[in-house]
Amino acid sequence: MKTVYNFCAGPAMLPTAVMAKAQQELVDWQGHGISIMEFSHRDKNFVKVAQEAEQNLRDLMNIPDNYKVLFSHGGGRGQFSAVPLNLIGLTGKADYLVTGSWSKSAVVEAKKYGEINVVAEPTVVDGLTSIADPSQWQLSPDAAYFHYCPNETVDGIEMFDEPQVDVPLVADLSSTILSRVIDVSKYGLIYAGAQKNIGPSGLSIVIVRDDLIGHALKTTPSIFDYQLMSDNDSMFNTPPTYAWYLAGEVFKWLKELGGVEVIERINLEKSNFLYNYIDNSDFYYNKVVPKQRSRMNVTFLLRDDSLNDEFLAQADAAGLLALKGHRSVGGMRASLYNAMPIAGVQALVNFMDDFSKR
Ligand SMILES: *Cc1c(COP(=O)(O)O)cnc(C)c1O
């Protein structure tokens, strides 16, 4: 198999060791003669896999006991609906900070269920985008919760400090979960689609504080009702069992590596390496204010954008895949999730340097 590095924003690359193990036990899971995906979700073998995955995630993120962990359907966008359905009933109103395109989409969805106040949008000064400073936020006193997206996958912008607000903090961590240490106790609810840093698509993780469960609007679909999901250990209906199993293998891999502190240092090294190269180049540039640049999704542009197609074609031929930026922003994007080794970033920088010289 030829060496390629997959920089796709999602579904994204998974750790090579995890894929190899999954392949090895695909048709015969631990000597049972059937695949893990062929077990009933009620079977004690699968239940054990499921419980172990949850425990490993709890260990990795240091999740306090008064938080439930749900393994849900519907990806990130499913939670764009589930969050307001479950929480907005508390006051009928919620605050949303817009940091980029995903949080903007979350607002559109939430508006179906209650009054949504956009507290601020990103600003552009001298061609550099930044997240609005907290001093400019227009908070509502009676919001049921404050929603934000710390890492905007499309825009390549990331916010490293938690907002200081008096209402439950809700975060879409789809593209940054497990990439750096966070203090779960500062949040009311965290959710993440799996296909960036956790596993295959089809699964999303919800980490929710006990007191925020049990307030769902009557019209909430059962599979999105946190109370029902929690009471049934995320098995009110058939969960995405294979995705759950693979997520569990990714959690084991990360634990063996040394956990989130260790991967955070590696992620910092990877993204610094690429940003430093971009900043010292007069061929490439980045449009995000330096202190808010994403560690997971590095966006960059070519000063001569007529070379974009050539850049992408040659990168692809060199085994550097999926570098095209999101269609809404153009340019390039290199997603450096946990599974991307440093060697992949070095290969990318070598290619970029070579291309610019040629
Ligand atoms: C990918 C992504 C989503 C959407 O996830 P789906 O599973 O496609 O619904 C939402 N938020 C963020 C931050 C993402 O990166």
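Both counts, for ligands and for their atoms, begin at 1 and track the order of listing.
For the side chain to side chain donor-acceptor pair (under 3.5 Å) condition, the pairs that include at least one residue of residues 5-21, sequence neighbours left out, are K21-E249. A salt bridge (Lys or Arg N to Asp or Glu O under 4.0 Å) check over residues 204-216, counting only residues at least two apart or in different chains, returns the pairs K68-D210, R209-D211. Applying the salt bridge (Lys or Arg N to Asp or Glu O under 4.0 Å) test to pairs two or more places apart or on separate chains, none has a residue in residues 221-235.
E152 contributes a side-chain N or O that, together with a main-chain N or O of W102, makes up a donor-acceptor pair within less than 3.5 Å.
Contact residues for ligand 1 (protein heavy atom closer than 4.0 angstrom to any ligand atom): G75, G76, R77, F80, W102, C149, N151, T153, D172, S174, S175, Q195, K196.
The aromatic ring centroids of Y96 and H147 lie less than 6.0 Å from each other.
For CD of E115, the number of neighbouring non-hydrogen atoms (other residues, nucleotides, ligands) closer than 6.0 Å is 12 at most.
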